[in-house]
Amino acid sequence: MSELDLAGDPVAAARDLIGWTLAIDGVGGVIVETEAYREDDPASHSHRGRTVRTAPMFGPPGRFYVYRSYGIHWCVNIVCSPPGRGAAVLLRALEPTLGLERMRERRGIADSHRLARGPGNLGAALAAGPELNGAVVDLRPPQRRRRVAAGLRIGITKAIDREWRFADPDSPFVSRPISSRPRG
DNA sequence: CAGTGGATGCTCT
DNA sequence: GAGCATCCACTGT
């Protein structure tokens, strides 16, 4: 299995993060779905350069970048910046393993499959907010080998042809099955 | 099941 | 003023 390098290619980092366990204040789980966003990528917040909002993306790797989505949700990213770049990996789904009861309280549902499925739900389950920006990410290595599938990113309108979404195809905690670009 | 639309706030044009 | 890396309730099969 590849070593996890958060300071190299963010697409490789997004792939290699599958299976790692993320914890915030003792609450979290196994990362089962990610997407990569790089500076040379029109869909990335960092594409138009550094702003107040996106500053954490240009900071040191291995830290959080958190942003508000559609005025409602907090989405959690891990900064994966090669030197001088702005890149991050969006966390799209966790398999909850730590602090299940606290997640259920925060989400108001019991079904573990839905606790942290989808980036907005994941943020809610972790009680993520802007205060997380720049904080060091607590990651623990995989306990078993997992398959990783690559496919199209979800919910974006630019650069929709890049297969920079990664997920464990055997996990029931993934938000949506991986779909690939039509071949022609 | 699938499809539609509202909530809501911040960034950029 | 538009658009957005979303989710949920609601509708109709």
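Below, read A as the first sequence line, B as the second, and so on, with proteins coming before strands; counting in each chain starts at 1.
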- Using the side-chain contact (heavy atoms from CB on, under 4.5 Å) rule, take A:L139 and A:I78 through it: C-alpha gap first, then chi angles, then the decisive distance, then the call. CA-CA 10 Å; A:L139 286 170; A:I78 297 175; 4.3 Å; yes
_Show, in sequence, the C-alpha distance, side-chain angles and deciding distance for A:D168 and A:R145, and conclude whether the salt bridge (Lys or Arg N to Asp or Glu O under 4.0 Å) test is met._
CA-CA 10 Å; A:D168 175 353; A:R145 198 164 183 47; over 6 Å; no
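As a whole-Å value, the separation of A:I109 CD1 from C:dA9 P is 10 Å. Rounded to whole Å, atom P of B:dC10 lies 14 Å from atom CG of A:N133. The NE2 atom of A:H45 sits 12 Å away from the C1' atom of C:dT6 (whole-angstrom rounding). Rounded to whole angstrom, the span from the CZ atom of A:R153 across to the P atom of C:dT6 amounts to 11 Å. In this structure, CG of A:L152 is placed 15 Å from P of C:dA5, rounded to the nearest angstrom. Computed from coordinates, the A:L122 CG to C:dA5 P distance equals 17 Å when rounded to whole Å. Regarding A:R114, its CZ atom lies at a distance of 18 Å from the P atom of C:dT6, rounded to whole Å.
Ranking B:dA7, C:dA5, C:dC7 by closeness to the A:I72 side chain, first place goes to B:dA7. Relative to the side chain of A:R48, the nucleotides C:dA5, B:dT11, B:dT13 differ in distance, and B:dT13 lies closest. Checking B:dG9, C:dC7, C:dA5 against the side-chain heavy atoms of A:R68 singles out B:dG9 as nearest. The side chain of A:N121 has C:dC8 as its nearest neighbour among C:dA5, C:dC8, C:dT6.
Checking B:dT8 for Watson-Crick or G-U wobble geometry (two distances, each under 3.5 Å) identifies no partner in any strand. C:dA5: no Watson-Crick or G-U partner with both key distances under 3.5 Å is found in any strand.
Between atom CZ of residue A:F166 and atom CD1 of residue A:I18 there is a gap of 8.5 Å, rounded to the nearest 0.5 Å.
Dashed line: the shortest gap from a side-chain N or O of A:R117 to OP1 or OP2 of C:dC7 is not under 4.0 Å. A close approach under 4.0 Å does occur between a side-chain nitrogen or oxygen of A:T157 and OP1 or OP2 of C:dC4. Distances shorter than 4.0 Å separate none of the side-chain N or O atoms of A:S44 from OP1 or OP2 on C:dA5.
A:G120 comes within 4.0 angstrom of sugar-phosphate atoms only, judged by non-hydrogen atoms across all strands, and of no base. Within 4.0 Å (heavy atoms only), A:R165 reaches no atom of the nucleic acid at all.
Taking hydrophobic clusters as Ile, Leu, Val, Met, Phe, Trp and Tyr residues chained together by side-chain heavy-atom distances below 4.5 Å, A:L91 shares a cluster with A:V27.
A donor-acceptor contact under 3.5 angstrom links the side-chain atoms of A:Y67 to the base of C:dA5.
A donor-acceptor contact closer than 3.5 angstrom links the side chains of A:H45 and A:Y65.
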